Amino acid sequence: MLEKISPSTRAAGFWSAVLTTIFSLVYVLGQLAEWLGWLGSKGGPESLSTPLGIVVLLTPSLFLGLAFLVLVISVDRLAPPDRKVWSRAAVALATIYTALISINYYVQLTWVGPRLAEGRTAGLEPFVFVPFDSFLYAVDILGYSFMSLATLFLAFVFTGKGVERAARWFLLANGLLLPFIALQMYWHWMIWVASLWAITFPGSSWTLAIIFKRASTHLTD
């Protein structure tokens with residue numbers, strides 16, 4: 001049975017889950033536009049992003065990291081005592097994910113993107129986000145590998161039926177994408193399987209929003 005939580009924890013869990021869902025779906029729409037060439041790139045997963053593409057893709061992704069971390073912390077408060085080992089491992093993994101992608105995306109949005117837009121590319125080469133062939137792309141998929149592991153551990157928090165079962169399966173499915181996220185530097189085709197994240201991750205966060213909406217609370221914080 002899930003723990004009773006304070007009203008403030010329920011609010012934090014619910015709204016972070018809603019925002020996580022929104023930011024992930026905005027990113028998914030932006031990524032589809034990027035792959036279709038609507039943001040100025042050549043299209044497809046191996047094309048370089050334009051400055052517009054960097055803003056459209058990475059702005060929601062930056063906020064996604066913060067929302068997801070708050071969501072995982074909130075789930076830890078909801079987890080029963082015998083399941084907290086899983087939720088606390090997820091908090092640690094989500095923290096690593098947030099740190100990695102926040103550094104990456106902030107650098108892209110505040111330094112790389114503006115310089116690309118101005119045509120000042122001298123010395124920029126090591127920091128350009130080149131799919132499958134750059135330092136920062138490797139950092140990015142490492143971050144999302146930690147996110148995937150975090151959701152895998154969170155799946156073991158939920159043992160009930162109904163929406164808990166749905167959350168468990170979405171979280172588990174997202175966690176099982178780990179090898180396809182982590183190894184796509186070696187085998188580029190894996191990105192197509194990893195793209196199932198567009199279903200499994202928003203599905204996870206939305207079912208968690210429902211769980212927090214229905215969660216029992218203490219009378220006071």
Side-chain angles (χ1 to χ4, degrees), residues 12-13 15-31 45 57-79 83 85-109 129 131-132 134-158 166-186 190-209 211-212:
W15 286 112
S16 61
V18 169
L19 289 173
T20 296
T21 305
I22 292 172
F23 290 137
S24 63
L25 291 175
V26 171
Y27 164 77
V28 168
L29 292 174
Q31 188 66 80
L57 292 172
L58 301 189
T59 301
S61 299
L62 180 62
F63 289 113
L64 173 61
L66 298 173
F68 179 67
L69 179 56
V70 175
L71 173 57
V72 175
I73 292 170
S74 300
V75 172
D76 177 59
R77 300 292 295 173
L78 191 66
R83 298 279 163 172
V85 63
W86 306 114
S87 61
R88 290 181 181 175
V91 169
L93 293 164
T95 301
I96 298 170
Y97 151 74
T98 303
L100 287 172
I101 63 101
S102 295
I103 293 170
N104 194 351
Y105 298 160
Y106 189 76
V107 168
Q108 293 293 315
L109 287 166
F129 195 85
F132 309 117
S134 64
F135 167 72
L136 289 181
Y137 188 84
V139 171
D140 190 51
I141 62 173
L142 176 62
Y144 276 88
S145 297
F146 280 112
M147 172 200 261
S148 181
L149 274 175
T151 59
L152 182 63
F153 283 121
L154 283 185
F156 295 103
V157 170
F158 302 99
R168 181 168 67 250
W169 283 108
F170 272 120
L171 289 163
L172 183 62
N174 196 75
L176 293 177
L177 294 177
L178 173 62
F180 301 97
I181 295 171
L183 299 177
Q184 57 185 270
M185 291 287 283
Y186 300 105
M190 285 188 167
I191 195 172
W192 298 112
V193 180
S195 295
L196 291 172
W197 182 95
I199 299 171
T200 59
F201 187 77
S204 299
S205 57
W206 186 246
T207 51
L208 290 175
I211 288 172
F212 276 104

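Computed from a predicted structure; not experimentally measured.
The salt bridge (charged side-chain N to carboxylate O under 4.0 Å, His left out) pairs that include a residue from residues 166-182 number zero, where partners must be two or more places apart or lie in different chains.
Looking only at side-chain heavy atoms (C-beta outward), T95 and F146 stay at 4.5 Å or farther from each other. Side-chain contact between P202 and S24 is present, with heavy atoms from C-beta onward closer than 4.5 Å. Taking the side chain as every heavy atom from C-beta outward, F212 and S74 approach each other to under 4.5 Å.
Within a 6.0 Å radius of OH in Y27, other residues, nucleotides and ligands contribute 12 heavy atoms or fewer. Enclosure of atom CZ in R77 is not indicated, since only 12 or fewer non-hydrogen atoms of other residues, nucleotides or ligands lie within 6.0 angstrom.
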Name the atoms and distances for all side-chain donor-acceptor pairs under 3.5 Å in residues 57-68, with sequence neighbours left out.
residue	atom	partner	partner atom	Å
T59	OG1	V55	O	2.8
S61	OG	L57	O	2.7

* **Pair Y97-L69, side-chain contact (heavy atoms from CB on, under 4.5 Å): steps then yes or no** => CA-CA 9 Å; Y97 151 74; L69 179 56; over 6 Å; no
* Asked: Can N104 and F129 be said to form a side-chain contact (heavy atoms from CB on, under 4.5 Å), step by step?
  -> CA-CA 9 Å; N104 194 351; F129 195 85; 3.8 Å; yes
* Asked: Which is it for W15 and V70 under the side-chain contact (heavy atoms from CB on, under 4.5 Å) test, yes or no, and what are the steps along the way?
  -> CA-CA 9 Å; W15 286 112; V70 175; over 6 Å; no
* **Evaluation steps, side-chain contact (heavy atoms from CB on, under 4.5 Å), between L100 and L142** => CA-CA 8 Å; L100 287 172; L142 176 62; 3.9 Å; yes
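Here CH2 of W86 is found 8.5 Å from CG of L152. Values are rounded to the nearest 0.5 Å. Considering CD1 of I141 and CE of M147, their distance stands at 14.0 Å, rounded to 0.5 Å. Separating the CD1 atom in I199 from the CZ atom in F201 is a distance of 14.0 Å, to the nearest 0.5 Å.
Between the S204 side chain and the F170 main chain, a donor and an acceptor come within less than 3.5 Å of each other. Although no hydrogens or angles enter the test, the distance criterion places a donor-acceptor pair under 3.5 Å between the side chain of Q184 and the main chain of F180. Judged by distance alone, the side chain of R88 and the main-chain N or O of D76 form no donor-acceptor pair under 3.5 Å.
Residues passing the side chain to side chain donor-acceptor pair (under 3.5 Å) test with N174 are T151, T200, sequence neighbours excluded. For the ring-ring contact (aromatic ring centres under 6.0 Å, His included) test, residues two or more places apart in sequence or in another chain that qualify with W192 are W35. The side chain to side chain donor-acceptor pair (under 3.5 Å) check on S145 picks up nothing, with sequence neighbours excluded. Shown here are the salt bridge (Lys or Arg N to Asp or Glu O under 4.0 Å) partners of D140, two or more places apart in sequence or in another chain: there are none.
Taking the six-membered ring for Trp and thresholds of 30 and 60 degrees, Y144 and W197 have ring planes more than 60 degrees apart, a perpendicular arrangement.
No side-chain N or O of T20 forms a donor-acceptor pair with one of S205 less than 3.5 Å apart.
Between V28 and A198, the shortest heavy-atom contact is CG2-CB, 3.7 Å.
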